[in-house]
Amino acid sequence: MATLITGAAGFVGHATSAALLARGETVIGLDRLSSYYSVALKRDRVSDLTARFKDAFTFLEVDFADFKALGEALGGHRIGKVVHMGAQAGVRYSLEDPHAYVQSNLVGHLNVLELCRRLPMCEHLVYASSSSVYGGNTKLPFSVSDRTDHPVSLYAATKRADELISESYAHLYRLPQTGLRFFTVYGPWGRPDMTPWIFTESILRGKPISVFNNGEISRDFTYIDDIVDGVLRCLDHPPPDDGKAKAGGSRGPHRIYNLGNSRSEPLMRLVEIIESETGRKATVEMKPMQPGDVKDTFADISEITLELGYRPATTLEVGLPRFIEWFRRYQKV
């Protein structure tokens, strides 16, 4: 039986695919290769997987928001587990193209749920949510028991809606699911629309960087290897359908975990490390908070640590230099 990974050409999807393939599993990777950011980078991620695991990795260029195309592409494949990492990402872009978020994050998520419930045997669906669901919450750290009904961006609203739709499918069809609220993932093969990439590229090329909220902002930066470790721990341990309350409050076979580093780092610390690693001084332009953004994020990971033994091991001081090394090699700068 194969594991289906949507968004396999994306950052977390690529890394999760590689980890599963490295331990000898068969993976079907699915992605529509959207132009939200560099398609060349996405194709390079797919090429990386194909070159290293050609006999166990199958890539399908399909839009999972097209249910007919999804079914046709997967016909004949034996799928036992699904890791749904595909989505329209980005908080700020949701102000520019809200329809892309409804189509990919709502219609697409529903399609994946419908696919799973119709599979002969779907052992487990693990799907990506986001720390953005906590909105303007000022209680730190963020706990999965906190209220999440006041999103400050459409992106956050779609991710919270995905969790609620998944809860209904767990109740109606007893479909085992785990939702993961990711906290600011970074590392090799990362996304060009995220701060570590933007700041590193700008500093290396001598361009100014924009620091919002006048620098008074912090993030729970989580290294990609730690994220993948959490994804695999969840995938290997589906929630039981025992009627007991799970993390996130469900009594069905559905739980929600925070997946973060459980350290809230000042954004300017990121700048300091990049300056140190590159030997170049940043030109900083302080700007006000952007619409849809939040001041601080900080993950309470006590539930997944207690239940699955998840313990992130990579500090920003260790992980960011690894990203910068990869970035300089990939971009030849």
Side-chain angles (χ1 to χ4, degrees), residues 6 12 16 81-87 105-106 108-110 112-113 116-117 122-153 155-185 220 222 226-262 264 294 296-312:
T6 70
V12 181
T16 303
K81 299 178 182 179
V82 178
V83 181
H84 181 37
M85 297 289 112
N105 298 2
L106 296 183
H109 189 76
L110 176 65
V112 171
L113 286 166
C116 289
R117 82 173 183 91
C122 183
E123 299 174 28
H124 195 188
L125 166 63
V126 175
Y127 65 91
S129 186
S130 169
S131 62
S132 296
V133 303
Y134 292 108
N137 189 3
T138 57
K139 182 187 78 62
L140 298 175
F142 298 162
S143 168
V144 293
S145 63
D146 292 343
R147 291 187 64 172
T148 52
D149 48 3
H150 297 288
V152 296
S153 70
Y155 170 70
T158 62
K159 284 299 184 179
R160 180 56 180 145
D162 287 344
E163 294 177 351
L164 294 173
I165 295 169
S166 279
E167 173 65 10
S168 71
Y169 269 65
H171 171 73
L172 291 169
Y173 307 112
R174 317 317 295 179
L175 176 64
Q177 299 174 68
T178 301
L180 297 174
R181 294 174 177 170
F182 293 151
F183 281 71
T184 316
V185 189
D220 193 332
T222 314
D226 291 326
I227 287 288
V228 171
D229 175 58
V231 173
L232 265 57
R233 286 176 187 270
C234 292
L235 186 64
D236 292 342
H237 299 90
D241 190 5
D242 56 6
K244 296 180 181 178
K246 313 292 190 298
S250 177
R251 290 191 176 275
H254 181 216
R255 65 195 171 194
I256 295 174
Y257 290 131
N258 286 332
L259 211 54
N261 201 36
S262 202
S264 195
V294 298
D296 304 305
T297 67
F298 186 1
D300 177 348
I301 59 171
S302 56
E303 288 90 349
I304 189 171
T305 297
L306 178 65
E307 296 173 13
L308 298 180
Y310 173 71
R311 290 178 176 83

Side-chain heavy atoms of F183 within contact of L259, under 4.5 Å: no
Nearest-0.5 Å distance, CG of residue L308 to CG of residue D229: 10.0 Å
Could you give the distance from CG (D296) to NZ (K139), rounded to the nearest 0.5 Å? 13.0 Å
Keeping the roles fixed (side chain from T6, backbone from G86), state whether a donor-acceptor pair exists under 3.5 Å. yes
Within a strict 4.5 Å, meaning less than it, do heavy atoms of the E307 and Y257 side chains meet? yes
Distance only, no hydrogens: is a donor on one side chain within 3.5 Å (strictly under) of an acceptor on the other, for N105 and T158? yes
Can you list the residues that meet the ring-ring contact (aromatic ring centres under 6.0 Å, His included) rule with Y310, with sequence neighbours excluded? none
Is any side-chain heavy atom of H124 closer than 4.5 Å to one of V82? no
Just how far is it from atom CG of L175 to atom OG of S168, taken to the nearest 0.5 Å? 10.0 Å
When you check the gap from the basic side-chain N to the acidic O, do R181 and E163 get nearer than 4.0 Å? yes
Can you check whether F298's main-chain N or O pairs, donor with acceptor, with S264's side chain at less than 3.5 Å? no
Could you check if a side-chain atom of T297 sits within less than 4.5 angstrom of a side-chain atom of F142, using non-hydrogen atoms only? yes
Check: D146 side chain, S143 main-chain N or O, donor-acceptor pair, under 3.5 Å: yes
I'd like to know if the side chain of R160 reaches the main chain of V133, judged simply by a donor and an acceptor atom lying under 3.5 Å from each other, with no hydrogens or angles considered. no
Under the side chain to side chain contact (heavy atoms under 4.5 Å, CB included) rule, what do K81 and D236 come out as? Steps first, then yes or no, please. CA-CA 10 Å; K81 299 178 182 179; D236 292 342; 4.0 Å; yes
Passes side chain to side chain contact (heavy atoms under 4.5 Å, CB included), L180 versus V126? Steps please. CA-CA 8 Å; L180 297 174; V126 175; 3.7 Å; yes
Write down the atom of P238, the atom of P176, and the distance for their closest heavy-atom approach. CB-CB, 4.3 Å
Side-chain donor/acceptor of K159 to backbone N/O of A128, under 3.5 Å: yes
Test side chain to side chain contact (heavy atoms under 4.5 Å, CB included), reference N258, set V144, D220, I304, output is V144
Taking it one step at a time, do V83 and V231 satisfy side chain to side chain contact (heavy atoms under 4.5 Å, CB included)? CA-CA 9 Å; V83 181; V231 173; 4.2 Å; yes
C234 versus R255: any side-chain heavy-atom pair under 4.5 Å? yes
How long is the gap from NE2 on H84 to CG on D162, to the nearest 0.5 Å? 6.5 Å
For the backbone of K246 and the side chain of S250, can you confirm whether one donor and one acceptor N or O come within less than 3.5 Å of each other? no
Hey, mind stepping through E167 and H254 against side chain to side chain donor-acceptor pair (under 3.5 Å) and telling me if it holds? CA-CA 7 Å; E167 173 65 10; H254 181 216; 2.8 Å; yes
Are V12 and F182 packed together at the side-chain level, in the sense that at least one heavy-atom pair is separated by less than 4.5 angstrom? yes
Does the side chain to side chain contact (heavy atoms under 4.5 Å, CB included) test come out yes or no for D226 and N261, once each step is laid out? CA-CA 8 Å; D226 291 326; N261 201 36; 4.2 Å; yes
Would you say S262's side chain and A299's backbone share a donor-acceptor pair under 3.5 angstrom? yes
With side chains defined as the heavy atoms from C-beta onward, is the minimum distance between Y134 and V152 less than 4.5 Å? no
Rounded to the nearest 0.5 Å, how far apart are OH of Y169 and CD of Q177? 10.0 Å
